[in-house]
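Within every chain, numbering begins at 1; the chains are lettered A, B, ... in the order of the sequence lines, protein sequences first and strands thereafter.
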Amino acid sequence: MITQYLFYFLTFVAIFSALLVVFSKNPIYSALYLIVTFFATAGHYFLLNAQFLAAVHVIVYAGAIMVLFIYVIMMLNLNKEVEPHKSTMLKVAATVCGGVLGLVLVAGLRETELTALSEYSNPSIGLIERLGNVLFGTYMVPFEISAVLFLSAMVGAVFLSKKTIH
Amino acid sequence: MLPIEIIYKIILILAVFTVTLVVAMYSTYAERKVAGFIQDRYGPNRAGPFGIFQPLADGLKMFTKQEFIPDSSDKQLFVLGPSLAMLTACMTGVVIPWGGDITIGDKIVKLQITDINIGILYLLGVVSVGVYGIMIGGWASNNKYSLLGALRASSQMISYEIALGLALISLIMMTGTLSLGEIVRQQDEGLANVVYQPLGFLIFLICAFAETNRAPFDLPESENELIGGYHTEYSSMKLGFYLFAEYINMFISSALIASLYFGGYNFPFQHSLGLEGNMLSMVQTFVFFMKVFFFIFFYMWVRWTLPRFRFDQLMNLGWKTLIPLAILNMFITGIVIGYKNGFFNF
């Protein structure tokens with residue numbers, strides 16, 4: 001019962017703050033509302049018994065990535081006064097693109113059957129031991145390949161940010 | 001859950017909250033006394049015997065000063081900044097085990113508010129969110145110096161969080177658990193973790209200094225280049241919240257160092273003293289607080305001994321020294337664990 005109330009509350013917070021991300025004029029406010037959205041999503045993970053995912057979601061997205069976002073926004077001192085005015089053409093194009101994306105989402109979700117997860121009631125489903133066993137057992141090779149992918153992305157980022165190649 | 005257990009939890013939460021605030025309050029007094037001792041002077045000695053009421057006088061002063069919000073600032077965020085700093089500082093205490101089990105009637109209760117099995121991740125999460133208080137406050141002040149302080153704080157905390165996390169990974173690899181209660185219990189049976197992880201402890205300690213913005217890494221508020229840093233525009237209790245949050249963080253991180261690396265509430269030969277049950281738990285809590293107070297003193301000792309770093313030196317230390325060392329530590333830990341499990345017996 002309490003889970004259901006929490007679900008509706010978190011959903012409301014997530015959607016409301018996600019809308020405010022888009023509608024806020026000030027980029028700092030947009031970024032802060034995005035953090036609220038991340039917290040609401042992390043709360044949803046908790047309701048699904050995925051504690052590890054929830055904690056990592058907060059640490060990585062709210063704690064690291066958004067700090068860097070806000071850092072850049074503060075550094076460039078973006079605010080509503082200096083935001084360049086976009087032409088009407090661009091606005092129309094953006095609206096159409098967003099609408100098409102929404103259409104794809106709706107089309108994708110139309111056929112989905114809303115059935116309860118069979119293992120939903122298993123309290124150990126999202127625990128870190130279980131996750132570790134799955135990642136380093138069943139999905140060992142994809143996991144290692146994605147690690148190599150991250151490493152190459154990191155090397156690439158360092159290489160690009162260096163001004164002189166010599 | 002039975003109502004009596006809920007009541008017990010509420011009492012424990014209130015007790016931990018009160019103890020945190022009182023310790024943080026008297027840390028400000030201790031800081032000035034330690035500074036006085038190190039610089040060969042008296043320190044505060046006017047309010048009460050030995051100046052023991054000095055924190056109360058300071059608090060009264062903070063509360064009664066004029067509350068000032070600059071006209072050009074962002075009003076909501078200006079208030080949100082110190083509130084967030086205080087909130088995240090108070091949130092970390094819930095996963096720390098403050099002592100052994102105590103028996104009330106026929107019930108055994110833990111002196112830990114919650115022993116979640118992702119305790120360390122919870123701590124990292126709260127710490128990583130903690131930087132927002134400073135960032136938001138510094139930006140909302142609409143002052144160049146505040147903004148510079150906020151930028152310094154955020155880049156410093158992000159950089160040192162990596163080394164902190166890597167140092168913790170070695171510890172987690174060794175103990176095989178993310179629960180703080182379990183890590184402390186393991187140190188009852190074996191030696192304290194600092195014996196096995198001396199390098200990890202050193203890295204963790206240095207990063208803890210940087211994360212709490214304490215000297216020699218207090219660049220976000222270095223007064224000789226940034227006036228007051230991120231809290232330049234703050235006055236009254238909002239300034240008090242920022243300063244107070246720093247002392248709470250110091251207390252909590254001392255408690256963390258004590259429980260992760262120095263055995264928590266355990267002490268040598270505790271089972272051969274002939275103490276049982278509640279008596280033993282009380283002694284354990286006392287010992288734990290002694291360890292915590294030592295590390296708080298250590299924080300102050302370092303502050304009044306070492307000069308402040310330059311910002312590029314700080315970044316070089318974080319990225320080019322601590323992170324490689326932490327990875328090396330992780331590598332060595334992995335090899336030792338592999339050797340113990342017989343991975344190298346061909």
Around atom CG of Asp71(B), are there more than 12 heavy atoms from other residues, nucleotides or ligands closer than 6.0 Å? no

Side-chain contact, heavy-atom cut-off 4.5 Å: Tyr122(B) with Val58(A)? no

Rounded to the nearest 0.5 Å, what's the gap from CE on Met66(A) to OG on Ser154(B)? Could you check? 13.0 Å

With a sphere of 6.0 Å drawn around OH of Tyr61(A), does it hold more than 12 non-hydrogen atoms of other residues, nucleotides or ligands? no

With side chains defined as the heavy atoms from C-beta onward, is the minimum distance between Trp139(B) and Ile70(A) less than 4.5 Å? no

Only pairs of heavy atoms separated by less than 4.5 Å count here; which of Val56(A), Leu32(A), Val60(A) has the most with chain B? Leu32(A)

Over 12 non-hydrogen atoms of neighbours within 6.0 angstrom of OH in Tyr29(A): yes

Here the gap from Ile59(A) atom CD1 to Ile118(B) atom CD1, rounded to the nearest 0.5 Å, amounts to 8.0 Å

Do you know the tightest heavy-atom contact between Leu121(B) and Phe52(A)? CD1-CD1, 3.4 Å

Point-to-point distance, once rounded to the nearest 0.5 Å, from CD1 of Ile28(A) to CE of Met135(B): 7.5 Å

Please classify the contact between Ile162(B) and chain A as side chain, backbone, both or neither, with a heavy-atom cut-off of under 4.5 Å. neither

Any sub-3.5 Å donor-acceptor pair from Tyr132(B)'s side-chain atoms to Ala62(A)'s backbone N or O? yes

Okay, Ile158(B) and chain A: the region with an atom under 4.5 Å from a heavy atom over there is side chain

Please report the interatomic distance CE(Met74(A)) to CD1(Ile136(B)), rounded to the nearest 0.5 Å. 7.0 Å

Might you confirm whether atom CZ of Phe69(A) has over 12 heavy atoms from other residues, nucleotides or ligands at distances under 6.0 Å? no

